[in-house]
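In what follows, a single structure is set out as structure tokens and then discussed.
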Amino acid sequence: TMMTTSSTGWMRYPSMSVPNVTISMRLFQALKNPAEVHTAAIQGHLAGALVSTKLVYDSLHLLTAANQALAHQSESRMATKSIHTELLYCLSPTKNISQSLAKFGMNSSTASVVAVLFHPQSADISSASLDGLESKLTSQLDCESSHSLWPDTNPECDLVELFELYKVTPEEQALSKESGDSLSYCFVTRVACKDVVTV
């Protein structure tokens, strides 16, 4: 993926599923106003989706779900009401919407989130408007540190819970280790196949 870093410090990826859409992501840690942000998210007052870092293995895991959400939106088959909740739904291995949002979204005590923005590009939407969206969301999240996503895997990820959620068998875990393949494939393939099979 042709990832670029914006002037506001967000990582931007071109969508793989829908042309002319940019997906921006940034990590926000040690949130000081989680309850306020959670309320704003529920009320739809945030420009982006907020994903709890606890259940994200790496940026590819999150990006796969973001592309799935965009595909659902473009094909008019979203299971939820907005692209932001659809992302959380696509991350989740279950088809239970409220469970998906509760597990992968933030709550009033979440300390660390990845913010995700979806931005359709067209002749009349400049990159300045994307900078503006990124800056606005950054200003809504009062946190001790905010930076680009992990270059490799997410150190805050709760692997035990993730294995359980996605039903990754010990054999599968061992195979990943043995073949030198990243465990990322275990999660990415499940996200990508959710439409076809439910674990």
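- Partner of Glu86 under the side-chain contact (heavy atoms from CB on, under 4.5 Å) criterion, chosen from His72, Lys81, Gln73, Arg77: His72.
- At least one side-chain heavy atom of Ser24 sits under 4.5 Å from a side-chain heavy atom of Leu130.
- Counting only N and O atoms by type, the side chains of Thr39 and His45 include no donor and acceptor under 3.5 Å apart.
- Hydrophobic cluster membership is shared by Val191 and Met25, with clusters built from Ile, Leu, Val, Met, Phe, Trp and Tyr side chains linked at under 4.5 angstrom.
- Atom CG of Leu31 sits about 9.5 Å away from atom OG of Ser145, to the nearest 0.5 Å.
- For the atom pair OG of Ser74 and CG of Leu70, the computed distance is 7.5 Å after rounding to the nearest 0.5 Å.
- Distance check: Leu62 CG to Leu87 CG gives 6.0 Å after rounding to the nearest 0.5 Å.
- Here the closest non-hydrogen pair linking Lys194 and Ser92 is NZ-O, 2.8 Å.
- In this structure, Asn154 contributes its side chain and Thr53 its backbone to a donor-acceptor pair below 3.5 Å.
- Here the closest heavy-atom approach between residue Pro155 and residue Trp150 is recorded as CD-CD1, 3.5 Å.
- Residue-environment remark: CD (Glu164) stays at or below the threshold of 12 foreign heavy atoms within 6.0 Å.
- Put simply, the side chain of Lys136 never gets that close to the backbone of Ala47: no donor and acceptor are under 3.5 Å apart.
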Please step through side-chain contact (heavy atoms from CB on, under 4.5 Å) for the pair Tyr89 and Met78, ending with a clear verdict. CA-CA 9 Å; Tyr89 175 74; Met78 293 210 308; over 6 Å; no
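- Distance check: Leu91 CG to Ser100 OG gives 9.0 Å after rounding to the nearest 0.5 Å.
- Of all non-hydrogen atoms in Ser148 and Gly9, the two that sit nearest each other are OG-O, 3.8 Å.
- Put simply, CG on Asp158 and CG on Leu165 are 9.0 Å apart, with the number rounded to the nearest 0.5 Å.
- In this structure, the side chain of Asn20 does not engage the main chain of Pro14 through any donor-acceptor pair within 3.5 Å.
- Between the side chains of Thr85 and Ser82, at least one donor-acceptor pair of N or O atoms lies under 3.5 Å.
- No side-chain N or O of Asp58 forms a donor-acceptor pair with one of Thr153 less than 3.5 Å apart.
- Judged purely by atom type and a 3.5 angstrom limit, His84 has no side-chain atom pairing as donor or acceptor with the backbone of Leu117.
- Leu63 and Phe118 end up in the same hydrophobic cluster when Ile, Leu, Val, Met, Phe, Trp and Tyr side chains are linked at under 4.5 Å.
- Nearest approach of Leu60 to Ser184, heavy atoms of both residues: CD2-OG, 3.9 Å.
- Side-chain contact between Lys103 and Leu88 is absent, with no heavy atoms from C-beta onward closer than 4.5 Å.
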Is there a side-chain contact (heavy atoms from CB on, under 4.5 Å) between Glu36 and Gln140? Walk through the geometry before answering. CA-CA 9 Å; Glu36 194 184 311; Gln140 288 175 297; over 6 Å; no
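- In summary, the side chains of Asn67 and Thr64 do not present any donor paired with an acceptor at a separation below 3.5 Å, with no hydrogens or angles considered.
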Could you go step by step and tell me if Leu162 and Cys157 meet the side-chain contact (heavy atoms from CB on, under 4.5 Å) rule? CA-CA 8 Å; Leu162 213 50; Cys157 176; 3.5 Å; yes
Take Phe187 and Phe163, measure what side-chain contact (heavy atoms from CB on, under 4.5 Å) needs, and give me the verdict at the end. CA-CA 9 Å; Phe187 309 119; Phe163 285 149; 3.7 Å; yes
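- Closest heavy-atom contact between Gln68 and Cys90: CB-SG, 3.7 Å.
- The hydrophobic cluster containing Phe28 also contains Leu133, counting ILVMFWY residues as joined when their side-chain heavy atoms lie under 4.5 angstrom apart, directly or transitively.
- Screening Leu137, Thr4, Val116 for a side-chain contact (heavy atoms from CB on, under 4.5 Å) with Trp10, the sole residue that qualifies is Leu137.
- Residues Val51 and Val113 are not in side-chain contact: their nearest non-hydrogen atoms beyond the backbone lie 4.5 Å or more apart.
- Side chains of Thr94 and Asn96: no donor on one and acceptor on the other come within 3.5 Å.
- Between Tyr13 and Thr22 there is no side-chain heavy-atom pair separated by less than 4.5 Å.
- Defined by atom type and a distance below 3.5 Å, a donor-acceptor pair is missing between the side-chain atoms of Arg26 and Thr138.
- Taking a cutoff of 4.0 Å between a charged side-chain nitrogen and a carboxylate oxygen, Lys54 and Glu161 qualify as a salt bridge.
- From Leu141, atom CG reaches atom SG of Cys143 across 6.5 Å, with rounding to the nearest 0.5 Å.
- Under the 4.5 Å side-chain heavy-atom criterion for grouping Ile, Leu, Val, Met, Phe, Trp and Tyr, Leu50 is not connected to Ile42 through any hydrophobic cluster.
- Between Ser15 and Ile23 the shortest heavy-atom distance is CA-CD1, 4.1 Å.
- Using a 4.0 Å cut-off between charged side-chain N and carboxylate O, Asp131 and Arg12 make a salt bridge.
- Linking Ile, Leu, Val, Met, Phe, Trp and Tyr whenever their side-chain heavy atoms come within less than 4.5 Å puts Tyr57 and Leu27 in one cluster.
- Here Glu172 pairs with Arg190 in a salt bridge; the nearest charged N to carboxylate O distance falls below 4.0 Å.
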Go through the steps for His119 and Glu134 under the test side-chain hydrogen bond (donor to acceptor under 3.5 Å, both in side chains), then give the verdict. CA-CA 10 Å; His119 196 71; Glu134 290 170 351; over 6 Å; no
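- Ring to ring, His61 and Tyr185 are not that close: their centroids are 6.0 angstrom or more apart.
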